[in-house]
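All remarks here apply to the structure that follows.
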Amino acid sequence: MPRGGTPPIRSFLMRMSNVFSRTLREAPSGAESAGYGFLLRAGFIQQLGAGIFSLLPLGLRSVRKIERIIREEMDGIGGQELQMPVVNPADIWKETGRYYSIDKEMGRFQDRVGRDMVLAMTHEECVTDIARFELDSYKRLPQLVYQLQTKWRDDPRPRAGLIRVREFTMKDSYSFDRDLAGLEKQYRAHYSAYFRIFDRCALPTIAVGSDSGMMGGKVAHEYMYLSSIGEDTIITCPACGYTANRQVATFTKTSYPEELLKTEAVHTPACPTIEDLANFLGIPKRKTAKALFMMGTFVDSTTGEERQRLILGVVRGDMEIEENKLQNVAKANALRPAHVDEIRLAGMEPGFGSPIGCDPSVLVIVDDSVAKSNNLVAGANKVDYHLINTNFGRDYTGTVADIASAAAGHACPQCQTALEQSKGIEVGNIFQLGTRYSESMGCFFQDEDGTRKPVIMGSYGIGVGRLLACLAEHYNDESGLKLPITSAPYQVHLVSLVKDQEIADGIYEELQAEGIEVLYDDRKESAGVKFADADLIGIPIRITLGNRSLKEGSVEVKLRSNLQETNALPLASLGSQVKELVTSLHKEISARISHRELA
RNA sequence: CGGGGCGUUGCCUAGUGGCUAAGGCGCUUGCUUUGGGAGCAAGAAAUCGGAGGUUCGAGUCCUCUCGCCCCGACCA
């Protein structure tokens, strides 16, 4: 916990005349978002390739501060830092099957003798390999290790600067427990620690229930920074606080049971969409069933063998299918829209498709809303024809599950209030892995009763660069960045406008003596240039040395967060007063740390 | 992987098949200026992403290719 100011990190003095990077008056083309543009213009980062960035000295200083906060909070819940290799032998990834189930996103190569190697995109395999050697007894549990390490994920579409990149630093921690209660405890500890981390960075986040994705666990939360440039859709209930990623969000579906009527084919020319169909027949969309054809890839995790199977998702016409849910229910490794010929081969007609009369090889997954509704209009699998009064169970069967996509306006699954939706950026996640990795990799311990049990694991990540990107997105104005003092590269920006270098140097040294992190603009530039750069880089405290105030024995102090207000500080006690100001800015952030526990 | 866009000096841009590729910012030198991106003057810096082609002549047209950005698919 920070009490007052955080002690400075190394080389906390810097003259602007000596800063490695320079500022840009215009953002390089392609900088879409404000935060990204300023990070580039202020010289925090530079792009090397698609989704590949260098951190320049200023950016690295911010990252180091964020990392320091993360380390303190991870240590605070008993984490022990270690470091695992980025390059892994493929063997361990073959053991868990992820060598096969993960597609092109994983970087692969062979070493000089032809051994398969991978670039680790996460470290469950590696840490489990370590743990199966170390953790052989209940006496050695629980454990928690973490690292800050580079990951390579060959994302098909990097974008938005540091928000979505291919190479990035992640804080990943891994918990090991003898039982579920232990896992739960570590999970809860992370849940709260993550909020403290984001609070100390002053990044507003919310935790949402999430899909466990490729991690393959059960319970999972994501920490979201809400932003219009976010790529995830978050469903929230304004009344009871229910929050979830749309990928897993549920809602209360109204059903309309009716007496079953006889199925009939009707001619429905030019009605390939639900909209057209409902208009043509003069019925509400909820009286129809919508079909979505996806080709699923299923990978055998022991052999790596791939199989394709057509999946037909059916949802009521007034809803959309959530593909993530569909994929989970189907237990498919990947989904893609099916091609027209693949659909026809299975006896169905795109635009007029339904499970009625389809090939038995098709995996039919029906949303519960369809299963509970009656007499729906569905495709006849014949061009320009639909069937009215179709009923699940009587006319077709399939797996019933929730595969509908929650959206604003739907009823909250907990309290029935209308849900809201917003966009968010995932800055962290926590997963209860269970025994997915310990079992497949043979990470067992002997319990008190003598039995051999798989270690129960959890996995917890924070994207460090993404966190900085979110902060830059959140803290900026038209002139530049205004990062909070906990993540700004320096605490004080000393802008000297006086000719007498000696006076300025003296003040610079005095601040240094107080242990303050100072960026000192000693350049022979005009005042306008210096102010513009100070605005752009956005160091939280600005001290301006001008002839006028110096004559009166004082300097001007402003906060980047409020450039309108100027305070004069007497030279005599400058060091201690600035130190106090640094401390009070830290306190301001500390005061807003709220303890949040998993409900 | 599909659709779209863009590659011209360190950055942002202009450039109608035709002379030595233009401007702003930045950079160098000198003088002036010094409380919000200063002024004057003189400079350096581009084989126009790459390869091939059409043409008397290509930054400009064609083909291929590489890179980057955006939308989608995808993804933590």
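Naming: A, B, ... by sequence-line order, numbering from 1 per chain. These numbers were taken from a predicted model, which means no experiment stands behind them.
In this entry rC61(B) has rG53(B) as its Watson-Crick or G-U wobble partner, both defining distances falling under 3.5 Å. If you check rC6(B) for Watson-Crick or wobble pairing at under 3.5 angstrom, you find it paired to rG67(B). Pairing of rG72(B), defined by two Watson-Crick or G-U wobble distances under 3.5 Å, is identified with rC1(B). Across all strands shown, nothing is found opposite rA21(B) as a Watson-Crick or G-U wobble partner with both distances under 3.5 Å. In this structure, rU28(B) and rA42(B) make a Watson-Crick or G-U wobble pair, each of the two defining distances being under 3.5 angstrom.
Relative to the ring axis of Tyr99(A), Arg108(A) places its NZ or CZ within 45° and under 6.0 Å from the centre.
Spacing of P atoms, rG4(B) relative to rC64(B), comes out at 13 Å, to the nearest Å. Rounded to a whole angstrom, the distance from the P atom of rC25(B) to that of rA38(B) is 10 Å. The gap from the C1' atom of rG37(B) to that of rG26(B) amounts to 12 Å, rounded to the nearest Å. If you take atom C1' in rU13(B) and the same atom in rC31(B), they sit 31 Å apart, rounded to whole Å. Taking atom C1' on both nucleotides, rC27(B) is separated from rG5(B) by 31 Å, rounded to a whole Å. rG18(B) and rU65(B) are spaced 29 Å apart, taking the C1' atom of each and rounding to whole Å. Across the C1' atoms, rG3(B) and rG43(B) are found 47 Å apart, a figure rounded to whole Å. Between rC11(B) and rG30(B), the two C1' atoms lie 26 Å apart (nearest whole Å).
Out of rG10(B), rA76(B), rC69(B), the shortest distance to the side chain of Arg22(A) is found at rG10(B). You'll find that the side chain of Glu32(A) is closest to rC69(B), out of rC12(B), rA76(B), rC69(B).
Asp535(A) pairs with exactly one of Arg542(A), Arg41(A), Lys558(A) by the salt bridge (Lys or Arg N to Asp or Glu O under 4.0 Å) rule, that one being Arg542(A). Between Thr233(A) and the choices Gln247(A), Lys423(A), Gln421(A), the side chain to side chain donor-acceptor pair (under 3.5 Å) rule is met once, by Lys423(A).
With rounding to whole Å, Met106(A) atom CE is found 15 Å from rC75(B) atom P. The interatomic distance linking Asp103(A) (CG) with rA76(B) (C1') rounds to 16 Å, in whole Å. In this structure, Arg157(A) atom CZ and rG2(B) atom C1' are separated by 12 Å, rounded to whole Å. Distance, Glu124(A) CD to rA76(B) P: 11 Å, rounded to whole Å. Between the CD1 atom of Ile163(A) and the P atom of rC70(B) there is a distance of 11 Å, rounded to whole Å. Note: CG (Asp155(A)) to C1' (rC68(B)) measures 16 Å, nearest angstrom. Atom-to-atom, CD1 of Ile321(A) to P of rA73(B) comes out at 14 Å; the value is rounded to the nearest Å. Distance Arg246(A) CZ to rC74(B) P: 14 Å, rounded to the nearest Å.
Ring geometry, Tyr194(A) versus Tyr223(A): the interplanar angle falls from 30° to 60°, so the pair is classed tilted.
Where Gln327(A) and Ala27(A) meet RNA chain B, the nucleotide closest to each residue was compared, and Ala27(A) sits on the side nearer the 5' end. Of the residues near RNA chain B, Met294(A) and Gln47(A), the one whose nearest nucleotide (by heavy atom distance) lies more toward the 5' end is Gln47(A).
Among the protein residues, Gln46(A) comes within range of no part of the nucleic acid, since none of its heavy atoms lies under 4.0 Å from any strand. Counting any heavy atom pair closer than 4.0 Å across all strands shown, Val165(A) reaches a base atom. Within 4.0 Å (heavy atoms only), Pro156(A) reaches at least one base atom of the nucleic acid. Across all strands, Gly463(A) comes closer than 4.0 Å to no nucleic acid atom at all (heavy-atom distances). Ala31(A) comes within contact range of no nucleotide atom at all, as no heavy-atom separation falls under 4.0 Å.
Aromatic ring centres of Phe431(A) and Tyr460(A): separated by at least 6.0 Å. Ring-centre distance between Tyr191(A) and His221(A): below the 6.0 Å cut-off.
The side-chain ring of Phe168(A) is stacked on the base of rA76(B), judged by centre separation under 5.5 angstrom and plane angle under 30 degrees.
Here Arg596(A) pairs with Phe195(A), Asp199(A), Ser594(A) under the side-chain contact (heavy atoms from CB on, under 4.5 Å) rule; sequence neighbours left out.
Within the 3.5 Å criterion, the main-chain N or O of Leu550(A) finds no donor-acceptor partner in the side chain of Asn547(A).
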With sugar-phosphate taken as primed atoms, P, OP1 and OP2 and all else as base, the protein-contact string of nucleotides 32-38 of chain B at under 4.0 Å (heavy atoms; B, S, -) is --BBBBS

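The closest side-chain heavy-atom distance from His493(A) to Met16(A) is below 4.5 Å.
A donor and an acceptor atom, one from each side chain of Glu473(A) and Asn476(A), are nowhere located under 3.5 Å apart.
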